[in-house]
Amino acid sequence: MEPVDTIIQDFSNKEIFTKYKETIRGRDVFITQCFNSDPNKDLVETLILADAAFAASARRITLVLPTIYGSRQDRKSSPRTPITISTMAKLFKSVEADRVITVSLHSPQSAAGFYSAGLRFDNISSARLFLPLMEEMNKDKDFVIVAPDVGALGKASHYAEYLGCDIAFANKKREKANKSEITAFVGDVKDRNCFIVDDMIDTGGSLVNVANMLKEEGAKEINCLATHLILSKDAKQKLEVAPINKIFGSDSVHHEELPDKVEVVSLSELLSQVIYRIHKDKSVGACVEEITKR
Ligand code: R5P
């Protein structure tokens with residue numbers, strides 16, 4: 001499948017202009033977008049590209065969004081707050097998208113918002129890329145898998161079960177966006193190697209808090225897996241000095257430079273297989289299972 005030559009540029013007042021430089025009439029269109037350093041702009045760009053594809057008579061429009069804008073805003077966290085992930089589903093439907101593909105969504109149950117908006121939705125787990133790496137390391141290190149908050153417990157137990165590891169977890173309280181504190185910790189990590197599992201690192205606050213706490217509890221080596229490396233503000237500097245040995249993540253968000261301790265595993269092969277299979281009406285589950293076995 002060849003990429004379509006597309007113009008994306010800003011007018012001088014920063015409005016976005018897009019143009020598909022060749023016909024896409026009757027085609028099966030996949031629009032890929034990473035919500036990078038300017039997610040608000042990336043969102044508008046995605047909406048415009050999808051709507052322009054519809055106007056250009058594309059047969060089917062799939063949005064390939066390894067991370068989705070607002071995925072953490074998945075419930076009314078207090079009165080009069082938005083459920084942004086459900087707003088996204090409505091917006092994507094309004095520009096005539098047919099399907100959304102994402103990777104390791106913050107709350108898998110947010111899929112309901114997409115189905116009820118009338119969109120097909122594939123949430124592809126990145127575990128199949130990271131499990132072999134962790135399995136190899138675990139042979140010598142006998143990890144305790146650590147969930148840094150209750151929300152991460154589902155993912156962490158999946159890893160712990162697959163690897164046959166013990167599990168520990170923290171409870172996190174977030175007073176306001178980007179400011180969190182640990183209120184409780186359950187598990188025995190003294191003199192043990194730990195592997196923290198989370199879906200994303202944004203400011204790095206949650207991860208650094210839990211890593212410091214593990215050290216206080218007597219943990220030995222601390223490693224981490226977080227699929228989406230948002231790394232906003234001074235996160236990179238924080239991670240450099242944190243008591244963490246290695247951080248595994250994906251290229252769902254692009255960075256020119258990363259601290260040496262961060263190891264990036266590319267999602268491209270997984271996503272290209274998923275795209276190909278959707279295009280050919282083949283099983284996506286089967287492709288995901290094949291990758292797991294490798
Ligand atoms: C929250 O529930 C997420 O799973 C992450 O733990 C969180 O978003 C990370 O944010 P930060 O790095 O800013 O603490």
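Each residue takes its place number in the sequence, starting with 1. Only a predicted model underlies this, so the values are computations on that prediction, with no experimental measurement involved. Numbering of ligands and ligand atoms starts at 1, following listing order.
For Arg72 and Asp199, the salt-bridge test fails: no basic side-chain N is under 4.0 Å from an acidic carboxylate O. Salt bridge status for Asp122 with Arg99: present, with a side-chain N to carboxylate O gap under 4.0 Å. At a threshold of 4.0 Å, the pair Asp202-Lys233 does not count as salt-bridged, since none of the basic side-chain nitrogens sits closer than that to a carboxylate oxygen. Taking the charged nitrogens against the carboxylate oxygens, Asp28 and Arg60 do have a contact shorter than 4.0 Å, which makes a salt bridge. Classification of Glu240 and Lys261 as a salt-bridged pair fails, no side-chain N sitting under 4.0 Å from a carboxylate O.
Ranking the protein heavy atoms by distance from atom 7 (C) of ligand 1 puts Arg174 NH2, 3.5 Å first. Counting only heavy atoms of the protein, atom 6 (O) of ligand 1 lies nearest to Asp198 OD2, 2.6 Å. Of all protein heavy atoms, the one lying nearest to atom 8 (O) of ligand 1 is Arg72 NH1, 2.8 Å.
Heavy-atom contacts of Asp149 reach the following atoms of ligand 1: 1 (C), 2 (O), 6 (O) (cutoff under 4.0 Å). Within ligand 1, counting atoms from 1 as listed, the ones closer than 4.0 Å to a heavy atom of Ser206 are 6 (O), 9 (C), 10 (O), 11 (P), 14 (O). Near His106, meaning under 4.0 Å from one of its heavy atoms, ligand 1 places the atoms 1 (C), 2 (O), 3 (C), 4 (O).
Heavy-atom distances between Gly204 and ligand 1 reach below 4.0 Å in at least one pair.
Sorted by first and then second residue, the pairs that involve residues 115-154 and meet ring pair (Phe, Tyr, Trp, His ring centres under 6.0 Å), not counting sequence neighbours, are Phe114-Phe121, Phe143-Phe195.
Here Met200 has heavy atoms under 4.0 Å from ligand 1 in both its backbone and its side chain. If you look at Thr203 next to ligand 1, the close heavy atoms, those under 4.0 Å, come from the backbone and the side chain alike. Neither the backbone nor the side chain of Ile230 has a heavy atom within less than 4.0 Å of ligand 1.
In the candidate list Leu207, Ile201, Leu229, Asp199, Asp199 is nearest to atom 3 (C) of ligand 1, counting heavy atoms.
In this structure, the side chain of His106 does not engage the main chain of Ile68 through any donor-acceptor pair within 3.5 Å.
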Derivation of the side chain to side chain contact (heavy atoms under 4.5 Å, CB included) call for Ser206 and Lys172: CA-CA 8 Å; Ser206 307; Lys172 181 173 85 180; 2.9 Å; yes
